[in-house]
Participant: 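Following this message is one structure expressed as structure tokens.
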Amino acid sequence: MYPHKKIEKKWQEYWAKNQTFRASESENKEKCYILDMFPYASSDGLHVGHPRGYTATDIYSRYLRMCGYDVLHPIGWDAFGLPAENFAIKKGIHPHETTQNSIANFHKQIQSLGFSYDWDREIDTSSPQYYKWTQWLFLQLYKKGLAYKAKAPVNWCEHCQTVLANEQVVANCCERCKNPVIQKLLEQWFFKVTNYADELITGLDDLDWPESIKTIQRNWIGKSEGAIITFPIKDTDILIRAFTTRADTLFGVSALVIAPEHPLLSSLNIHNQEELDDYIAKSKHKSDLQRTFLDKEKTGVRLDGVNAINPANNEEIPIFVADYVLGSYGTGAIMSVPAHDARDFEFAKKYDLPIKDVIMPSVVEDKISEAYIGEGVLVNSGKFDGMISQEARVAITKKIKGETTTTYRMRDWLVSRQRYWGSPIPIINCEKCGLVPVPEVDLPVLLPTDVDFRPTGESPLVASKTFHDVKCPTCNCPARRESDTMDTFVCSSWYYLRYISPHENDIPFDQSAIQHWMPVDLYIGGVEHAVLHLLYARFITKALRDMKFLKFDEPFLKLRNQGMILGEDGEKMSKSRGNVINPDTINEEYGADSLRIYEMFLGPLNDVMPWNTRSISGVRRFLDKIWTMYHTAIHADLPEKQTDPTLIKIINKTIKKVSSDIESMSFNTAISTMMICVNAMHKVQTTGHTIARDTLESFAVLLSPFAPHMAEELWELLGHADGITYTTWPVYDEALTKDITVTVAVQINGKSRGQICTPPDATQDEVQTLALADEAIKKWTNGKEIKKVIFVPGRLINFVII
RNA sequence: GCCGCGGUGGUGGAACUGGUAUACACGCAGCACUUAAAAUGCUGUCUCGAAUGAGAUGCGGGUUCGAUUCCCGCCCGCGGCACCA
């Protein structure tokens, strides 16, 4: 039995002492930056989901080191933010203390799994050395006009007592506490992500990322090309602009519908003002949840006494205010075309508006029961009749002097938070000078400790006299510091740059080191960050590039997702369900190598998989088998070269398959291949033969990325004193992977009826003669005419008979 | 509703570019070792059938000598978006 505790401890100490995984910036080696999404330093500690991604990157890192690459593989801690703060409040301990405890715990847990991180580069986003540069980043964005303060309707979580970014609102609820989010009009800080909307979409094309993530980002950014069409209000000078993607349907407009928030509402002379005010007040009180989920039925108010003019045909059309039109998208006004838009159709039915067909579908199906939203040929559209939708959009927009434009669904990133545990925003509010950035020499703006950090709806930093009251850096008048803190996602939007020169105190990152290491070559993490971290990091990279700090466009060239590990009951692991598996327990009982291999053997990296503790015994048996096999094989007169042809073939095949599987991240099949190899070696050994040194060495190297502790021990047992990490990955001989004979399937009409053994390069004639001479085949072909023969060399021969 | 991904033994899964479906592992059964158990090793394990065989990759069609793989139409599950004009 493999004594995992003793051996794992031995090699972990060896790696630490020798700084085995320290990344160097080597001139003559090709670099590879392999990154994990750093863990949130939660009080719960590591769960079994973490090691899944970490093992994948670790296998890849260890593999590449042996292939001669210069590998950077760092780890650190995402430490600021709400969960840490909430935990601290619950315990009545300062979040700094609870966070440091969590970090220490994570550090210990991760180290015990034998990951090959360069621990010298460990970072903690809540340390002043780190957040100094998060603040620096904020200032650069501010200088560039990419960080701004504005009053806007924002998402407010009553439970967490803070605003949230759009990306943190899931189904109209706070992604953290799941309580409904309400809209509030507040002055907040934003990052201008929308400036990069277009590049954030086009940049995706060249990235080696899962299509699913690209699609999620594209949908989130929500590019839509259309036109703004101006509708004059009858008997006034007022013009209302409506955004549409379907200018081709302009002749089918039945009404102009505007959002309750629309600014021009107050300038209109409306006869039923009271009714309107009532409606606006009601819709203001509705949360977005009610406006969308609960109120499927559309409501609105017709504005009496005012009408709009359709610029296409000068028809007079009614104006409605309805809250299905969003004030925050497009122009806050739409042209309602009931015949060709599902929502407008529903609205028109309710308010009895005319439904006028102006687009003929190419295939006419059922009528009137719903709107036809597809494209087609124009009818009832004056001189545009007969045109197809695509052409008509351009022509009509031009005719009525509309402006073509592009809008995006994505909004700017709201980064200020009214909570304590985050990086302070480095801005000073001066009555005379307005917003004044903190001079860079004064960074970091330290998070004060003399405050009650429990949330009150206002930033707790306001309560700190030492923090809050300052002198204006420009005019020296009394001023006050910005008291909000930054969203944790700001910290994580640039951490991959800090790993590159984590100890620099005067610069955020060293330019020449950045040149050497960036961009990240492989990034692994969960899908849940598709529109959060992954989008923010891309934005920050592009912004820093435009400020000449970086010379590349995208931070992460290749991305892979690790699927979630579910509980044994197939449900998501959670404390309340009681199905959480603690990796420490598994590590203790089966060892780190078993846990690593088990998590990879479960199935494809990307798939969601249920945990099954019983199955670990399989991989543990695999390791035990290797252990005893090596101990039996290694003795004084161990032959150097393998002579057994079966083993020569299998080891060459195994090297080939394991190498290609690691490169394609098919770790599960790499492991089954190694199992097949071990079973073969074991069989040879139990039948009294010896496994030679070259075979044992090659296999130990193949095993080492997966089970590094055991592999190191076996490597030492084979007489090597310098560790396995930087040894050379074995090469295989293609000729030796080939079988001497192959089994060719013989089919009759596509059904397998037998098999024959031939040399792999046998010709069709040879195979055919052999096959037709076979008794089992004769039975089928006797007296039948062979119409056709299909031959796939080395695989099958198929006789088509009548 | 729209978009994306998936459906293979009792279980996790494998299968190159359309070429012998079910590798590898778990579980289960039997045997060996043992006073016994655990551990370990060996053998078997898709279904029906005594058998030559027949049928199985969610369901129904199609293309093909041959389909888990390609095409059409459904059903189910998971994930994303959610009045975005």
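Naming convention: chains lettered A, B, ... in sequence-line order (proteins, then strands); numbering from 1 in each chain.
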Participant: Ion pair present between E403(A) and R241(A), side-chain N to carboxylate O less than 4.0 angstrom?
Facilitator: yes
Participant: Using a cut-off of 4.0 Å on non-hydrogen atoms, how would the nucleic acid contact of I790(A) be classed: base, sugar-phosphate, or nothing?
Facilitator: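 Base contact.
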Participant: Examine A85(B): is either OP1 or OP2 under 4.0 Å from a nitrogen or oxygen in the side chain of Y329(A)? Give yes or no.
Facilitator: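 So the side chain of Y329(A) is within the cut-off, an N or O lying under 4.0 Å from OP1 or OP2 of A85(B).
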Participant: Given the P atoms of C48(B) and U43(B), what is the spacing between them in whole Å?
Facilitator: 24 Å
Participant: Checking one value: the base orientation of G62(B), syn if chi is within 90 degrees of 0, otherwise anti.
Facilitator: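 The base of G62(B) is oriented anti (glycosidic angle more than 90° from 0).
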Participant: Please state how far atom CE in M609(A) lies from atom P in U11(B), giving the value in whole angstrom units.
Facilitator: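 Rounded to the whole Å, the gap is 13 Å.
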Participant: To the nearest Å, give me how far apart CZ (R753(A)) and P (G66(B)) are.
Facilitator: 13 Å
Participant: Would you say U20(B) has OP1 or OP2 under 4.0 Å from some side-chain N or O of R795(A)?
Facilitator: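 True: R795(A) side-chain N/O within range (under 4.0 Å) of U20(B) OP1/OP2.
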Participant: Would you mind writing out the side-chain donor-acceptor pairs for residues 524-535 of chain A within the sub-3.5 Å range, not counting sequence neighbours?
Facilitator:
residue, atom, partner, partner atom, Å
H533(A), ND1, S492(A), O, 3.3
H533(A), NE2, Y523(A), OH, 2.7

Participant: Which nucleotide in the set C42(B), C83(B), G19(B) lies at the smallest distance from any side-chain heavy atom of Y324(A)?
Facilitator: C83(B)
Participant: May I ask you to decide if M710(A)'s main-chain N or O and D593(A)'s side chain share a donor-acceptor pair within less than 3.5 Å?
Facilitator: yes
Participant: Under 4.0 Å between any heavy atoms, over every strand shown, what does S615(A) touch: base, sugar-phosphate, or nothing? Just pick one.
Facilitator: sugar-phosphate
Participant: Of all the nucleotides listed (A25(B), C42(B), U20(B)), which has the minimum atom distance to the side chain of N679(A)?
Facilitator: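 Of the candidates, A25(B) comes closest.
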Participant: Of the candidate nucleotides C81(B), G13(B), C24(B), which contains the atom at the shortest distance from the side chain of M675(A)?
Facilitator: C24(B)
Participant: Is any side-chain N or O of K751(A) closer than 4.0 Å to OP1 or OP2 of A67(B)?
Facilitator: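 Indeed not, no polar side-chain atom of K751(A) lies that close.
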Participant: Within the distance-only criterion (no hydrogens, no angle test), does the side chain of D248(A) pair as donor or acceptor with the backbone N or O of Q390(A) below 3.5 angstrom?
Facilitator: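 No: the side chain of D248(A) does not pair with the backbone of Q390(A).
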Participant: Measure the distance from CG on D607(A) to C1' on G7(B) and round it to the nearest whole Å.
Facilitator: 12 Å
Participant: At less than 4.0 Å, is any side-chain N or O atom of R246(A) found next to OP1 or OP2 of A85(B)? Yes or no.
Facilitator: no
Participant: In Watson-Crick or G-U wobble terms, both distances under 3.5 Å, what is the partner of G30(B)?
Facilitator: C42(B)
Participant: Just checking N798(A): base, sugar-phosphate only, or nothing, at a heavy-atom cut-off of under 4.0 Å?
Facilitator: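 Here N798(A) touches the bases of the nucleic acid.
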Participant: Could you check which of U20(B), A85(B), A23(B) has an atom nearest any side-chain atom of I676(A)?
Facilitator: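 Closest of the options to the side chain of I676(A): A23(B).
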Participant: Mind checking if P604(A) touches a base, just sugar-phosphate, or nothing, with heavy atoms under 4.0 Å?
Facilitator: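 It contacts sugar-phosphate atoms only.
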Participant: Out of W611(A), F667(A), Y590(A), which one pairs with Y598(A) under the ring pair (Phe, Tyr, Trp, His ring centres under 6.0 Å) rule?
Facilitator: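 Only one option passes, and that is W611(A).
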Participant: May I ask you to evaluate whether N668(A) reaches the phosphate of C24(B), defined as a side-chain N or O under 4.0 Å from OP1 or OP2?
Facilitator: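 So the side-chain polar atoms of N668(A) never come under 4.0 Å of the phosphate oxygens OP1 or OP2 of C24(B).
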Participant: Could you state the interatomic distance from CG (L772(A)) to CZ (F799(A)), rounded to the nearest 0.5 Å?
Facilitator: 4.0 Å
Participant: Please pick, from A85(B), G41(B), C65(B), the nucleotide with the shortest atom-to-atom distance to any side-chain atom of V800(A).
Facilitator: C65(B)
Participant: Using whole Å, report how far CD1 of I373(A) lies from C1' of C3(B).
Facilitator: 13 Å
Participant: Between C81(B), C26(B), U20(B), which nucleotide gets closest to the side-chain atoms of R621(A)?
Facilitator: C26(B)
Participant: Identify whether any heavy atom of Q747(A) sits under 4.0 Å from a base atom; if not, whether one sits that close to sugar-phosphate; answer base, sugar-phosphate or nothing.
Facilitator: base
Participant: Have a look at L796(A) and say if it touches a base, only the backbone sugar-phosphate, or nothing, with a 4.0 Å heavy-atom cut-off.
Facilitator: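 Base, at least one base heavy atom under 4.0 Å.
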Participant: I'd like the P distance from G62(B) over to U57(B), given in whole Å.
Facilitator: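 The answer is 15 Å between these two P atoms.
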Participant: Can a cation-pi geometry be assigned to R538(A) and W220(A), taking NZ or CZ under 6.0 Å from the six-membered ring centre and within 45° of the ring axis?
Facilitator: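 No; the conditions do not both hold, so R538(A) does not lie above the ring face of W220(A).
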Participant: Atom CZ of R409(A) to atom P of C3(B): distance rounded to whole Å?
Facilitator: 13 Å
Participant: Go through G12(B), U20(B), G41(B) for me and flag the one nearest to the F601(A) side chain.
Facilitator: G12(B)
Participant: Out of G12(B), U20(B), G41(B), which nucleotide sits closest to the side chain of K625(A)?
Facilitator: G41(B)
Participant: Are any of S617(A)'s side-chain N or O atoms less than 4.0 Å away from OP1 or OP2 of C26(B)?
Facilitator: no
Participant: Between U20(B), G19(B), A85(B), which nucleotide has the shortest distance from any of its atoms to the side chain of T743(A)?
Facilitator: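 Of the options given, the side chain of T743(A) lies nearest U20(B).
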Participant: If I take atom NZ in residue K572(A) and atom C1' in nucleotide C78(B), what distance separates them, rounded to the nearest angstrom?
Facilitator: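 Taking NZ of K572(A) and C1' of C78(B), I get 13 Å after rounding.
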